[in-house]
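In what follows, residues are counted from 1 in the order of the sequence shown.
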Amino acid sequence: GRGGGGGGGSGGGGGDGRDGQGQGAETRYFTPSGTLPRGAAVAPFAGCPHLSRSPACRIPMPPRDPALESLPKLPPATAARTLVRVGRFLRPYRLQVAIALAALVVAAAATLAIGQGLKGVVDRGFAAGDAAELDRTLALMLVVIGVMAAATYTRFYFVSWLGERVTADLRRAVFEHLLTLPPSFYETTRTGEVISRLTNDTTMLETVIGSSASMAARNVLLLTGGLAMLALTSLKLTLLVLAGVPLVVLPIILFGRRVRKLSRATQDRVGEVGAYLDEALHEIRTVQAYGHEDVDRARFGERVEAAFA
């Protein structure tokens, strides 16, 4: 038997039935307080009447290959490369992308047109005292507002659909790739972390594709159109506005880089939470057998607080 000296096995010592191999591979034994080296006295599993309280009851674990622990990790991809990779998943849905972009342009143009409509209401209606012109201008503004509402609804629907569709395709592609990875990958990577990457990180991408990207494009269009209209109205005022742009953009860029690093660190900590949760619940019988609930509760709380911080 390989039960660490269990009944009829290799004796009462720490032999694991592999003494004849003896290539220096260290056999480790899991205990509530750590591991024992090869040759330590290990009680047979079947002979432990009080498994959850006896520190002598230890379960042999396979040796860990040090070569697998030194495998290099891939560097984080840049934002441009990430967008290019995500763009591949958008190619099959060119029609939906085109409709969303068209609705985005129409909604931005309608938003800018509302300002011109208010100008007509004040100049041609109230200032001129023409009630008929005021009615026509207000009616035109209602039409513009209706167009803006319809375009905004169309944009929001198709952008949200694209976010969910791309996320579903991305999860399928990642899972198919995970099935092709060698066992050595799973020797150095915890399953819970992989699950967290497959669920939480893809949800972040869904938020970017389904909301943040369209809002950023909308704001760029509004900024461009607003500056063009302002330049036609007053060039001096336009130059004054552009002079203050660096004072606004520079802090956004500096803080944005820091926020990106903090966001990546937060995702890593969330992955740690998922990994520890998977390990604890997957081996819940071992945890309860050793009376390890309090320790796991404290360690899990530390990881949750680290993710919060």
Side-chain angles (χ1 to χ4, degrees), residues 79-80 83 86-87 89-169 203-253 255-256 259:
L83 292 177
V86 174
F89 294 93
L90 289 172
R91 293 174 186 172
Y93 312 108
R94 297 184 181 91
L95 178 60
Q96 289 80 2
V97 173
I99 295 175
L101 289 177
L104 177 63
V105 173
V106 172
T111 303
L112 294 174
I114 291 179
Q116 295 298 317
L118 290 175
K119 176 183 177 182
V121 169
V122 174
D123 295 343
R124 300 176 185 178
F126 293 108
D130 189 348
E133 186 66 24
L134 179 61
D135 293 339
R136 286 193 296 269
T137 307
L138 290 177
L140 182 60
M141 282 194 60
L142 289 177
V143 173
V144 173
I145 292 174
V147 172
M148 182 187 67
T152 302
Y153 170 80
T154 304
R155 175 189 63 85
F156 183 81
Y157 173 81
F158 280 98
V159 168
S160 300
W161 185 89
L162 285 171
E164 296 181 4
R165 181 67 266 173
V166 170
T167 302
D169 295 341
T203 302
M204 295 289 294
L205 286 176
E206 179 181 352
T207 303
V208 172
I209 299 173
S211 176
S212 301
S214 65
M215 294 299 296
R218 174 178 175 271
N219 292 334
V220 169
L221 290 177
L222 290 177
L223 176 63
T224 304
L227 288 177
M229 296 175 63
L230 185 62
L232 294 176
T233 303
S234 174
L235 183 59
K236 181 180 179 180
L237 184 59
T238 304
L239 295 177
L240 290 176
V241 171
L242 292 178
V245 169
L247 300 178
V248 178
V249 175
L250 186 60
I252 293 177
I253 295 176
F255 285 105
V259 169

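- Within the structure, the ring-ring contact (aromatic ring centres under 6.0 Å, His included) test picks out no pair touching residues 212-233 (sequence neighbours left out).
- Pairs passing the ring-ring contact (aromatic ring centres under 6.0 Å, His included) check and including a residue from residues 203-248, sequence neighbours excluded, do not occur.
- Residues P251 and P246 come closest through the heavy atom pair CD-O, 4.0 Å.
- Here side-chain hydrogen bond (donor to acceptor under 3.5 Å, both in side chains) pairs that include residues 230-251, with residues two or more places apart or in two chains, number zero.
- Among pairs with a residue in residues 203-216, those fulfilling side-chain hydrogen bond (donor to acceptor under 3.5 Å, both in side chains) read R155-S214, R171-T203, at least two apart in sequence or across chains.
- Atom CE of M204 has 12 or fewer heavy atoms from other residues, nucleotides or ligands within 6.0 Å.
- The side chain to side chain donor-acceptor pair (under 3.5 Å) check on D169 picks up Y93, R165, R172, with sequence neighbours excluded.
- With sequence neighbours left out, the side-chain contact (heavy atoms from CB on, under 4.5 Å) criterion links R94 to R91.
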Ignoring hydrogens and angles, write down the donor-acceptor pairs under 3.5 Å from the side chains of residues 219-227, residues two or more places apart or on other chains.
{"unit_1": "N219", "atom_1": "ND2", "unit_2": "M215", "atom_2": "O", "d": "3.1"}
{"unit_1": "T224", "atom_1": "OG1", "unit_2": "V220", "atom_2": "O", "d": "2.9"}

Show me, pair by pair, the donor-acceptor contacts under 3.5 angstrom made by side chains of residues 103-110, not counting sequence neighbours?
none

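- Rounded to the nearest 0.5 angstrom, I209 CD1 and W161 CH2 are separated by 12.0 Å.
- Distance CG/L237 to CG/L230: 4.5 Å, rounded to 0.5 Å.
- Residues R218 and T111 approach most closely at NH2-OG1, 4.3 Å, considering heavy atoms.
- When the side-chain contact (heavy atoms from CB on, under 4.5 Å) test is applied to V249, the partners found at least two apart in sequence or on another chain are V245, I253.
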Identify all side-chain donor-acceptor contacts of residues 136-151 below 3.5 Å with residues at least two apart in sequence or on another chain.
{"unit_1": "R136", "atom_1": "NE", "unit_2": "E133", "atom_2": "OE1", "d": "3.4"}
{"unit_1": "R136", "atom_1": "NH2", "unit_2": "E133", "atom_2": "OE1", "d": "2.4"}
{"unit_1": "T137", "atom_1": "OG1", "unit_2": "E133", "atom_2": "O", "d": "2.7"}

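- Listed by chain and number, the residues in a side-chain contact (heavy atoms from CB on, under 4.5 Å) with L250 are L254 (sequence neighbours excluded).
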Could you go through L118 and V122, starting from their C-alpha distance and side-chain angles, then the distance that decides it, and tell me whether this counts as side-chain contact (heavy atoms from CB on, under 4.5 Å)? CA-CA 6 Å; L118 290 175; V122 174; 5.6 Å; no
